[in-house]
Each structure stands twice: as structure tokens, then as C-alpha cells.
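First the structure, in the form of C-alpha cells, and then the observations on it.
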Amino acid sequence: MSKRIADLLFPNIDKTPEFYENKYPAREGAGRVTRFAPSPTGFLHIGGLYTSLINRLIAKQSGGAFYLRIEDTDQKRLVENGVVDIITALKQFEVEFDEGPYDEVNEHGAYAPYRQSLRKEIYQAYAKQLVTDGKAYPCFCTEEDLQNIRAEQEKDGSGTLGYCGKWARCRDLTDEQIEAELSAGKPFVVRLRSEGEAGKMREFADGIHGAVSMPENILDIVITKQDGLPTYHFAHAIDDHLMHSTDIIRADEWLSSLPIHVQLFEMLGFNVPNYYHLSPIMKLDGTSRRKLSKRKDPEARVSFYRETGYPVKAVIDYLLTICSAKFEPWRAENPSADSLDFTLDLADTGVSGAMFDFDKLDNIAKNVIGAMTDDEIFAAVLAWATEFAPDFAAFINSDKDYFMRSIPIWHEKRLDIKKWSEVAQLYPYMYNKQYDTSACEMPERMADRKADAKEILEMYLASYDPAADSDAWFANVKSIAEQKGYCIKMGQYKKNPDAFPGSVADVSMFLRVAITGQANTPDLYKIIKLIGDEEAEKRIKNYIEKIK
RNA sequence: GGCCCGAUGGUCAAGAGGUUAAGACACCACCCUUUCACGGUGGUAUCCCGGGUUCAAUUCCCGGUCGGGUCACCA
């Protein structure tokens with residue numbers, strides 16, 4: 001192989017690897033350099049958020065750098081606005097970059113460009129050098145050729161599969177043959193001339209799995225595709241070298257290509273970075289577990305959490321909880337600390353792939369919301385509703401004071417809400433001023449006491465004192481109970497329920513259902529004071545009507 | 001199928017050659033209580049299977065089973 005062939009293959013490439021080595025010098029400082037490198041193929045997956053969060057954490061806690069690199073070498077899969085979608089989604093979850101694209105065209109950072117489609121000449125300069133050095137060669141095999149090779153290999157039964165050894169037909173083409181193919185205008189890919197030895201095992205270091213023993217790569221993998229763009233493997237080696245990534249933290253699915261990547265780094269003369277392969281987030285599907293699927297599982301999309309209104313902090317905390325068992329105790333000791341201040345040791349990361357657990361997320365979310373102030377909640381609910389529930393937003397805006405006053409009713413000393421979509425849904429009697437309770441049924445145990453219900457509600461209306469405070473109000477409820485012969489001491493009632501026609505709890509329940517339409521609510525007195533005496537009275541009257 | 005990774009309650013998991021095998025979520029009971037929620041107390045439930053090493057194995061080793069990943073000119 002020769003310089004001449006290399007020139008023929010890449011006639012327009014005049015830069016050498018040395019040029020780029022000089023252009024992109026090593027970074028200052030000893031911090032760790034990490035990156036998130038997604039393909040802009042649509043929405044952000046929860047696993048992508050997970051990975052980026054961890055990368056961000058590692059860079060930040062070491063005083064290093066974290067950058068975004070767009071892997072857009074597959075022209076077929078590109079999606080319009082794919083880059084902006086990713087950046088926006090990440091930003092919504094507080095993942096920000098030190099370097100990388102801002103939007104579809106602009107970017108910042110000393111190692112630009114950060115879009116692989118813009119780095120074509122860089123990859124080609126290295127590919128050209130590899131060809132010159134005899135470490136790579138052009139391959140003219142068609143898809144059909146490849147299929148035939150595969151078919152023969154399967155028949156042959158030797159167990160080898162793929163473009164390698166004697167099957168690699170273009171590996172030993174002479175310069176003359178190559179020139180002939182080229183002048184015939186045949187398209188080509190460039191393949192690495194693998195130096196791996198068949199069957200030879202080797203240990204590869206992984207910061208999460210430890211030493212992983214795998215066979216050396218013997219495949220002559222494609223490094224440059226027919227369209228001149230690099231494959232993932234090649235771009236990874238070139239970019240992470242030139243951008244000086246120190247730690248490659250990525251999804252588990254890459255573990256099996258580690259031999260290829262290490263080989264690439266070594267043949268290119270690069271230092272091999274530290275690798276960490278993160279376990280995927282799983283889903284329990286019936287009795288089997290599988291990876292969260294974009295198509296089947298709404299929770300796979302990061303946008304799902306915003307739409308349903310989980311607080312961003314809850315999602316972040318949940319992801320970190322999955323990531324390291326040390327996070328929860330840390331959070332317990334530092335309840336209000338920024339999640340990014342957690343010091344993560346990748347060695348503590350689980351190796352088996354956590355099942356996504358909504359119960360746990362909900363629990364974290366409840367506590368996050370519980371710790372918020374009423375003002376913060378007001379802002380968060382309004383922001384959520386404005387984007388995802390315009391009717392509810394209009395309601396809030398129509399009477400901000402009313403909504404503000406309602407928050408402590410369900411927030412004070414309570415953990416009722418896990419996500420903002422539950423607010424209007426859980427308390428229709430507060431947030432729907434035309435709410436009609438008359439169709440709502442009493443709990444089953446009280447359903448046959450219609451006469452009592454009617455009478456009690458009428459007694460209540462007759463004795464209602466708008467000026468009464470909470471205690472006086474409840475004293476009145478008790479007195480109604482007493483007049484009806486209902487037990488007013490719950491302890492006593494529970495010991496001997498058959499001795500009474502009912503209890504104060506039942507009286508309260510008649511009122512609760514008449515006023516709210518529900519059997520379970522926060523403090524009734526507060527609700528009445530929020531919706532107003534008149535509204536409460538109106539609902540009770542309607543309810544009495546219905547009882548007939 | 002080849003190669004790789006993994007397996008501790010329902011879920012997330014700590015853990016060490018000898019432990020009453022942590023903790024969190026969920027669940028259940030009780031207390032508190034006008035419902036629910038909150039809070040409190042207590043509870044049910046786990047080391048995948050078979051060999052080997054050892055005085056001793058859930059822990060180390062080897063098999064198996066099961067689950068996951070990967071075998072592209074996709075990333």
C-alpha cells in the first residue's frame with residue numbers, strides 16, 4: 001500500500017494528522033473530560049438523560065469539562081431540529097454543557113466543530129494516513145458480495161463471521177487492482193487492516209465492570225463509509241482523542257465493541273481513555289424484563305416527565321438513586337443540596353440494569369414537592385399548566401389569589417401531589433367553580449342512610465355560622481351528631497359500633513361528599529373557606545335535592 | 001448460534017468466608033385521627049440451581065439455568 005493509493009483515495013485531503021494534533025492541543029488542568037454524544041434522531045430517551053447526567057457530574061466534581069458532540073454521520077436517520085430538540089430537552093433537566101452546539105448551526109468551544117458531519121476532512125486525514133501506513137485499505141465489495149461471503153462462512157461452519165482473514169477479499173488487492181477499480185469509478189469504503197489474532201483473549205478495563213476478558217478484534221471494520229463519512233467506531237476514536245476526553249461513560253450496549261475501539265486507538269497511536277459502561281434502565285413487562293422501549297413505553301421519552309408534570313429535581317434524584325446506592329443516604333443528609341454536588345464514584349454504579357420503578361419516583365417526587373414553598377409550587381404549577389393544560393392555566397390566571405390560597409390546603413403537612421397533572425385532577429371541587437356534587441354517591445356503608453343524610457345536611461345548613469373558626473365549626477358538627485344520637489367519640493364508637501346509628505365521622509362524611517363529591521379530601525373546613533360559604537351552601541342544597 | 005455482561009425480598013440495593021443478611025420504595029397491621037394524607041410503632045418477604053475448595057460458602061472456583069447486550073457502509 002502506498003502514498004499514491006492514499007492520494008488517489010483522498011485527493012482533496014491535504015492536511016495531515018499532525019496538523020490536527022497541533023490544532024487541538026491538550027486541555028489545561030487535571031479535571032476529567034467527559035461528553036455526551038447522541039445522534040439527533042428524535043426525542044431524548046430517558047437513558048440518554050441518565051448518561052448525560054452522569055457525565056456531567058463526573059466532569060463537574062473533578063473541575064473538568066463536559067461537552068456535547070453530535071453524532072450525525074448517518075444521513076438517513078437525521079431528523080429535522082434533532083439537535084435543538086436534544087439541547088432543549090437536556091436543558092430542561094438542568095444538563096448544561098461547557099462546549100458544543102447551541103442550536104442547529106452555532107456552537108462554542110476550542111475543539112469545534114462538535115458535529116461529526118462537519119469533521120469529514122479530519123476523519124479522512126487520519127484515514128488517509130492509515131492507508132499510507134498500510135494499516136487500512138479500500139474495499140470495493142458490494143452489499144451482495146458481503147452477503148455471499150457471509151453465506152459461505154455459514155456453510156463452511158468454521159464459526160467465523162464477518163470481513164476478516166481470507167474472507168477479506170480486498171485486503172490484499174495490488175496497487176494496480178485498486179487503481180483499476182478506482183478508474184472504473186467503483187465506490188469504496190476504507191477498512192482497517194486488523195492486527196488482531198484469532199481467538200486471542202485480552203483483558204479490557206472497564207471502570208464499572210472491572211477487567212473484562214474478550215477476544216481481540218479480527219474484523220477489518222469499516223472506518224470510512226462510501227459517502228466518505230466515518231463509522232461510529234472511527235469517529236469515536238478520532239473525536240475523543242482530539243477533544244481529549246479522559247472518560248468515556250456510555251451505555252452498556254457498547255461494551256462488546258470495546259475490542260474494536262481499543263484496537264483503533266492503539267493503531268492510531270492514541271492513548272486509550274477510561275471506559276465506563278452503564279447498565280440500561282429496564283422495564284418489567286409481564287414477568288420478563290426488557291430495555292425501556294421508545295415505542296412501547298411512554299416513560300422512555302424524557303418529554304413524558306415534563307408533560308405529566310414531575311418536578312425536574314425528582315427525575316434527576318430518581319436517576320441518581322438508580323445510579324448509585326450512595327445517593328439516597330447523601331440526599332437524606334443534604335436535603336436541599338443541588339444534585340450536582342453529589343460526589344459520584346462510578347465504581348458504585350450497579351451492574352445489572354435497574355427496573356424502572358414508578359413507586360420510587362413517585363415517592364421522591366412527593367418529597368421534592370413537599371419541600372417546596374407555596375410560592376415555588378404556584379410558579380411550577382402555572383408554568384406546567386401554561387404549557388400542557390391551558391384550561392387550568394386560564395383558571396389559575398383568572399384568580400391567582402384563589403389558587404395561591406388553595407395550595408396550603410393540600411400542601412401543608414401533606415404529601416398528596418407527585419406531579420402537577422394531579423393538582424386539578426385530584427381536587428376538582430377546588431379548581432372547578434361550577435363543580436356539581438349531586439351525582440356523587442356516599443360510601444357504600446352509608447348508602448342506605450339517605451334519610452339521615454338529608455336531615456343532617458339540613459341541620460347543618462340551619463346551624464351554619466359563617467363566623468365560626470375551625471374548632472367552633474367542628475364543635476357544631478359534633479353537636480349535630482349528638483342530636484342524631486351519633487357517637488362523637490371515635491374511640492368509643494370503634495369499640496362498639498353497633499351501639500350507635502353512626503359517628504361524627506359519618507356526619508363529616510355526609511358533608512364532605514355533599515361539598516366535594518369525594519370521600520377523601522384534605523381538611524373540610526379549609527375547603528369550605530376557600531370555595532366560600534355560598535358555594536358550599538349551594539352544593540349542599542343541590543345534594544339534598546338529589547337525595548329525595 | 002458465537003462472544004460478552006449479569007443474578008441478594010415485589011422493586012432499588014448494602015454486605016462479609018462465620019452477621020439476628022443493612023437501608024429505601026411498595027405492601028400489611030396498629031397508634032394518631034371527622035375521611036384521606038402526614039407522623040409514629042411494628043410486621044411479612046431475599047441470597048437462582050448443581051458440584052467443588054473449606055472446619056465453615058449466599059460470599060471463592062467450575063458447570064448449568066435464566067435474564068440482558070452484541071455480532072451493519074446504525075449509532
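All of these numbers come straight from a predicted model, not from anything done at the bench. Throughout, protein chains are lettered first and strands after them, A, B, ... in sequence-line order, and every chain is numbered starting at 1.
Residue A/C141 is in base contact, counting any heavy-atom pair closer than 4.0 Å across all strands shown. A/R445 comes within 4.0 angstrom of no nucleic acid atom, judged by non-hydrogen atoms across all strands. A/D74 comes within 4.0 angstrom of sugar-phosphate atoms only, judged by non-hydrogen atoms across all strands, and of no base. Among the atoms of the strands shown, base atoms are found under 4.0 Å from some heavy atom of A/T521. Across all strands, A/A519 comes closer than 4.0 Å to base atoms (heavy-atom distances). Among the heavy atoms of the strands lying under 4.0 Å from A/K291 are primed sugar atoms or P, OP1, OP2 only; no base atom is included. Across all strands, A/W410 comes closer than 4.0 Å to no nucleic acid atom at all (heavy-atom distances). A/T73 comes within contact range of the sugar-phosphate backbone alone, with a heavy-atom separation under 4.0 Å but no base atom that close. Within the 4.0 angstrom heavy-atom criterion, only backbone atoms of the sugar-phosphate kind lie near A/E71; the bases stay farther away. Residue A/V189 is classed as a base contact, given a heavy-atom separation below 4.0 Å to a base. Across all strands shown, A/D227 has no heavy atoms under 4.0 Å from either base or sugar-phosphate atoms.
You'll find that the side chain of A/M355 is closest to B/U11, out of B/U11, B/U35, B/A75. Of the candidate nucleotides B/U35, B/C4, B/A75, B/C4 has the atom lying nearest to any side-chain atom of A/M201. Considering only side-chain atoms of A/L255, the nucleotide from B/G6, B/A72, B/C5 that sits closest is B/C5. Comparing B/A7, B/C4, B/C74 by their closest approach to the side chain of A/M214 singles out B/C4. Listed nucleotides: B/U34, B/G68, B/C5. Nearest to the side chain of A/M282: B/G68. Looking at the side chain of A/W473, the nearest of the listed nucleotides B/G23, B/U34, B/C3 is B/U34. Here the side chain of A/N520 is nearest to one of B/U35, B/A7, B/C74, namely B/U35. Side chain of A/H209, nearest nucleotide from B/A24, B/C73, B/G6: B/G6. Here B/G68 is the nucleotide among B/A75, B/A7, B/G68 with the atom lying nearest to any side-chain atom of A/P280. Taking only side-chain atoms of A/K76, from C-beta outward, the nucleotide of B/C74, B/U11, B/A7 with the closest atom is B/C74.
The partner of B/C30, taking Watson-Crick or G-U wobble pairs whose two distances both stay under 3.5 Å, is B/G40.
If you look at A/Y427 and A/Y435, their ring centroids are not closer than 6.0 Å. The ring of A/Y276 has its center no closer than 6.0 angstrom to the ring center of A/W254. Between A/H236 and A/H261, the gap from one ring centroid to the other is short of 6.0 Å.
Remark: A/R290 is not in phosphate contact with B/G69, judged by side-chain N or O atoms under 4.0 Å from OP1 or OP2. Taking 4.0 angstrom as the limit, A/K225 places a side-chain polar atom (N or O) nearer than this to OP1 or OP2 of B/A75. In terms of phosphate contacts, A/K366 brings a side-chain nitrogen or oxygen within less than 4.0 Å of OP1 or OP2 of B/C38. One finds no side-chain N or O of A/T224 lying less than 4.0 angstrom from the OP1 or OP2 phosphate oxygen of B/C73.
As rounded to whole Å, 18 Å separates atom P of B/C36 from atom CD1 of A/I515. When the C1' atom of B/C3 is taken as reference, atom CD of A/E253 falls 17 Å away, rounded to whole Å. Going from atom NZ of A/K360 over to atom P of B/C27 covers 13 Å, rounded to whole Å. Between A/M442 atom CE and B/U35 atom P the separation is 16 Å, expressed in whole Å.
Residue-to-nucleotide proximity on RNA chain B shows that, of A/V351 and A/D523, the 5′-proximal contact is made by A/V351.
When the C1' atom is compared between B/A14 and B/U46, the two are found 13 Å apart, to the nearest whole Å. Rounded to the nearest Å, the gap between the C1' atom of B/U70 and that of B/A37 is 48 Å. With both ends at atom P, the span from B/G1 to B/C25 equals 42 Å, rounded to whole Å. One C1' atom belongs to B/G15, the other to B/G9, and the distance between them is 15 Å to the nearest Å. Only the C1' atoms considered, B/C60 is 10 Å distant from B/U54, to the nearest whole Å. When the C1' atom is compared between B/C73 and B/G69, the two are found 23 Å apart, to the nearest whole Å. Of the P atoms belonging to B/A26 and B/C38, the separation is 8 Å, rounded to the nearest Å. When the C1' atom is compared between B/G40 and B/C48, the two are found 38 Å apart, to the nearest whole Å.
Here the OG atom belonging to A/S257 is positioned 9.5 Å from the CG atom belonging to A/N217, to the nearest 0.5 angstrom.
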Item to complete: Mind running side-chain hydrogen bond (donor to acceptor under 3.5 Å, both in side chains) on A/D220 and A/S194 for me, showing each step along the way?
Response: CA-CA 5 Å; A/D220 285 355; A/S194 172; 4.6 Å; no
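Partner of A/D416 under the salt bridge (Lys or Arg N to Asp or Glu O under 4.0 Å) criterion, chosen from A/K419, A/K413, A/R414: A/R414.
A distance cut-off of 5.5 Å between ring centres, combined with a plane angle under 30°, places A/F474 in a stacking arrangement with the base of B/U34.
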